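To keep things clear, I will list the structure first and then write my remarks on it.
The sequence lines fix the lettering, A, B, ..., with proteins before strands; numbering per chain opens at 1. Treat the numbers as computed from the prediction; the structure is a model and nothing was measured.
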Protein chains: 2
Amino acid sequence: MSPARGTSPPRDEPNSGKPVRLKDVAAHLGLSPTTVSLVMNRSPAAKGIPPETQERVRAAAEELGYRPNFIARSLRRQRTFAVGVLLPEISEGYAAGVLGGIEDQLLQEGYFYLVAGHHSKPDLFDDYLQLLTERSVEGLILVNTPIEQALSLPAVVVAGHRELAGVTNVVIDHQSAARLALAHLAELGHRRIAFFKGHAHSADTESRWQAIVGASADLGLEIDPRLTIQLSGEPAGEEFSPEEGYREGHVFGRKLLEAGAPFTALFAFNDISAIGAMRAFSESGLRIPDDVSVVGFDDILSAAFQNPSLTTVRQPLHEMGRRAAAELLRKLAAPGEESPPAITIEPELVVRDSTGPARGGG
Amino acid sequence: MSPARGTSPPRDEPNSGKPVRLKDVAAHLGLSPTTVSLVMNRSPAAKGIPPETQERVRAAAEELGYRPNFIARSLRRQRTFAVGVLLPEISEGYAAGVLGGIEDQLLQEGYFYLVAGHHSKPDLFDDYLQLLTERSVEGLILVNTPIEQALSLPAVVVAGHRELAGVTNVVIDHQSAARLALAHLAELGHRRIAFFKGHAHSADTESRWQAIVGASADLGLEIDPRLTIQLSGEPAGEEFSPEEGYREGHVFGRKLLEAGAPFTALFAFNDISAIGAMRAFSESGLRIPDDVSVVGFDDILSAAFQNPSLTTVRQPLHEMGRRAAAELLRKLAAPGEESPPAITIEPELVVRDSTGPARGGG
DNA sequence: CTAGCATGCTAAAACGATTTAGCCCGACCC
DNA sequence: GGGTCGGGCTAAATCGTTTTAGCATGCTAG
């Protein structure tokens with residue numbers, strides 16, 4: 001019964017040997033497990049138990065180093081305080097940023113989470129949904145993960161493509177983003193602005209472009225179709241690869257120059273393509289921001305370390321994650337209530353060295 | 001007993017109402033839960049059950065959409081198939097990279113993991129260790145997380161600072177890293193090479209520097225103390241901030257130029273400081289790689305998008321994560337066996353545009 | 001005829017908690 | 001003195017599995 005080897009068991013050291021169970025605490029006190037459980041959980045039913053007994057119980061628990069077994073508790077209560085997170089790949093910048101926010105919010109509220117990266121393979125994707133469900137997660141957060149059929153659990157989607165009944169989408173406020181970027185450029189005197197549009201099948205492309213059109217109108221800017229370039233996204237499936245985006249930016253930056261139409265600024269679809277374009281400009285002898293100003297989108301880590309550092313519209317990924325997690329927990333806490341179809345997040349303009357006053361001519 | 005509302009329950013749809021339990025399958029077949037369990041788990045004890053019954057059981061399970069409840073199973077078997085991961089912050093590049101590898105390996109082997117980011121606060125740190133243990137994780141992986149006392153669970157440490165009994169450290173092969181970088185530079189004709197040493201309290205600093213000294217000797221290169229600059233790490237606690245590292249690189253890049261000693265190449269402690277130095281060089285009118293070659297360390301995402309793109313020694317973070325996870329699972333599978341105190345990972349030289357032949361003079 | 005032995009299954013006890021439904025005892029009321 | 005009430009606790013069921021121990025039944029061997 002007593003610890004086998006030589007040295008005697010240290011009395012007040014918490015972890016001597018096997019973990020202490022509820023039963024042990026009860027036995028140690030000469031009480032029933034029920035009583036100990038009631039006290040430890042501060043259950044309303046514990047009101048019948050006199051404070052002095054309660055104190056005894058808590059003291060014993062502390063002394064013995066009792067830690068309730070979460071698994072057993074989960075089984076009985078049918079609550080796991082865990083949610084599942086599905087994303088393409090954890091080490092991708094976007095997902096990692098969002099996950100950071102999810103993490104902060106969840107841990108703060110006493111939840112944990114299980115992550116599965118499906119590497120954009122739709123079959124893995126369903127498998128993981130299964131596995132997470134088997135593990136009894138209480139809800140789901142999908143990041144950058146297209147979903148077809150309805151889900152069997154409460155869910156929040158970040159950067160989701162379609163609208164699904166009952167699930168909340170967390171999206172960036174494109175209106176605001178376009179206004180921030182274009183107002184900044186307009187203020188610097190830019191009138192002829194070039195644009196990269198996103199890939200045709202990317203969720204954000206269309207709404208962001210509409211927002212740009214709207215903001216341009218508001219600011220009295222005209223959009224020249226010759227200065228509007230659609231990123232191709234060819235070869236398909238590569239649109240998430242940074243190298244690809246960079247190369248595209250580079251290629252299309254040259255195209256822009258070859259088009260012959262004068263411009264003093266570029267608002268790119270994302271930082272990666274902006275960086276590629278900057279390189280193309282530099283190679284052609286244009287100086288940034290003296291000859292051309294460049295604005296990116298996302299604020300990836302690399303943006304701050306470019307030469308010159310890149311002015312960009314920051315997507316507050318961390319905040320988006322936080323909000324997604326908070327909304328999911330709200331849903332879990334209030335199962336009946338209607339939940340909003342979308343949560344809109346405000347972007348932020350980060351002004352760095354790639355934007356400056358427009359050249360005299362405009 | 002039967003589903004309440006109007007429409008009749010679809011017969012072969014898996015999820016009509018509540019989840020199906022083992023007991024339900026058993027009842028549906030007129031067998032005992034024991035039998036169903038034995039068959040479903042392909043337990044050796046099921047050899048007494050005739051194949052045709054086994055088939056019936058599996059068919060029924062399939063038909064009813066039975067999915068075993070992992071929580072109950074965990075409780076009974078005292079196995080959770082989950083490990084805990086402790087790291088400073090999920091959205092940090094290093095940790096995210098490693099975590100990606102951990103994830104791949106674990107999921108592939110049927111494990112999940114719980115992550116906690118302690119934001120470098122030692123108290124949070126102990127709390128999370130508690131919480132993870134309460135949740136019955138089977139083992140731990142610590143990434144970039146200094147640990148003082150021994151752990152109560154099998155553990156693997158990535159980028160760990162100290163050696164602890166029983167825990168395996170996953171470390172990069174600094175010898176190899178130094179050799180790769182210096183041989184590359186030597187081959188390009190560089191003889192006078194400047195160095196950034198890491199911060200004094202960083203785990204990698206000393207061993208990497210020793211490796212550099214060793215490799216230099218092997219290659220017949222001399223190290224000029226005037227060209228050796230120690231990154232300060234002041235203000236303390238900021239050494240993980242990219243901005244800080246960048247600024248340091250920039251400042252020390254200038255210092256290097258002011259030192260007046262001629263050099264044709266720089267081997268920086270990490271990519272961030274390399275990028276900062278590149279900027280300082282450019283500002284002083286030096287061209288990279290024509291006047292100075294620069295080699296970084298880590299291969300952060302940003303390295304490929306620099307102008308010029310940065311030659312660097314890649315730490316295969318993903319691989320390190322994979323190996324860490326694999327080693328932990330090995331430990332779990334063979335509790336008795338001795339485990340190696342360290343696993344050494346081979347770095348890889350990524351040659352890009354920031355290195356070129358040395359100027360005539362050397 | 002009966003002990004022995006497969007064969008095909010099952011009862012019941014775990015695992016470690018929570019929770020419902022009381023039990024026992026003394027005090028109080030009338 | 002009996003009924004009631006409340007205070008302080010507990011027995012036992014339960015969550016959904018796994019696993020140990022063993023029960024019928026029928027066949028074979030001696």
Measure [atom1]/[X] against [atom2]/[N] and give the value in whole Å, please.
| X | N | atom1 | atom2 | value |
| --- | --- | --- | --- | --- |
| A:Ile71 | D:dT18 | CD1 | P | 14 Å |
| B:Arg77 | D:dG16 | CZ | P | 17 Å |
| A:Glu52 | D:dG8 | CD | C1' | 11 Å |
| B:Asn41 | D:dT18 | CG | C1' | 7 Å |
| B:Arg56 | C:dG8 | CZ | C1' | 11 Å |
| B:Leu38 | D:dT18 | CG | P | 9 Å |
| B:Asp24 | D:dG16 | CG | P | 9 Å |
| A:Lys47 | D:dG7 | NZ | C1' | 10 Å |

Closest nucleotide among [options] to the [X] side chain:
| X | options | result |
| --- | --- | --- |
| B:Ala72 | C:dT19, D:dC9, D:dG16 | D:dG16 |
| B:Lys23 | D:dC15, C:dA17, D:dT19 | D:dC15 |
| B:Arg76 | D:dT17, C:dT10, C:dA17 | D:dT17 |
| B:Thr35 | D:dT18, C:dT18, C:dC9 | C:dC9 |
| B:Thr34 | D:dT18, C:dT10, C:dG16 | C:dT10 |

Presence of [X] side-chain N/O under 4.0 Å of [N] phosphate oxygens OP1/OP2:
| X | N | result |
| --- | --- | --- |
| A:Gln78 | D:dG16 | yes |
| A:Asn69 | C:dC15 | no |
| A:Arg73 | C:dT18 | yes |
| B:Ser32 | C:dT10 | yes |
| A:Tyr66 | C:dA17 | yes |

Shortest non-hydrogen contact between A:Pro146 and A:Phe125, atoms and distance: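 Nearest pair, atom of A:Pro146 first, then A:Phe125: O-CZ, 3.0 Å.
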Where B:Leu151 and B:Ile147 come nearest, the two heavy atoms and their spacing: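 Heavy atoms of B:Leu151 and B:Ile147 come nearest at CD2-CD1, 3.7 Å.
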Any base atoms under 4.0 Å from [X], or only sugar-phosphate, or nothing? Heavy atoms, all strands.
| X | value |
| --- | --- |
| B:Thr53 | sugar-phosphate |
| A:Arg79 | nothing |
| A:Leu31 | sugar-phosphate |
| A:Ser74 | nothing |

Hey, are the side chains of A:Thr168 and A:Lys331 touching, using non-hydrogen atoms and a 4.5 Å cut-off? yes
Applying salt bridge (charged side-chain N to carboxylate O under 4.0 Å, His left out) to A:Glu319 and A:Arg322, what does each step give before you reach the verdict? CA-CA 5 Å; A:Glu319 165 79 359; A:Arg322 264 198 110 92; 5.6 Å; no
Would you say that more than 12 heavy atoms from the other residues, nucleotides or ligands in this model lie under 6.0 Å from the CD of B:Gln149, or not? yes
Greater than 12 external heavy atoms within 6.0 Å of B:Glu62's CD: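 For B:Glu62, atom CD is not crowded (no more than 12 foreign heavy atoms under 6.0 Å).
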Could you check B:Pro50 against B:Leu75 and say which one's nearest nucleotide on DNA chain C is further toward the 5' end? B:Pro50
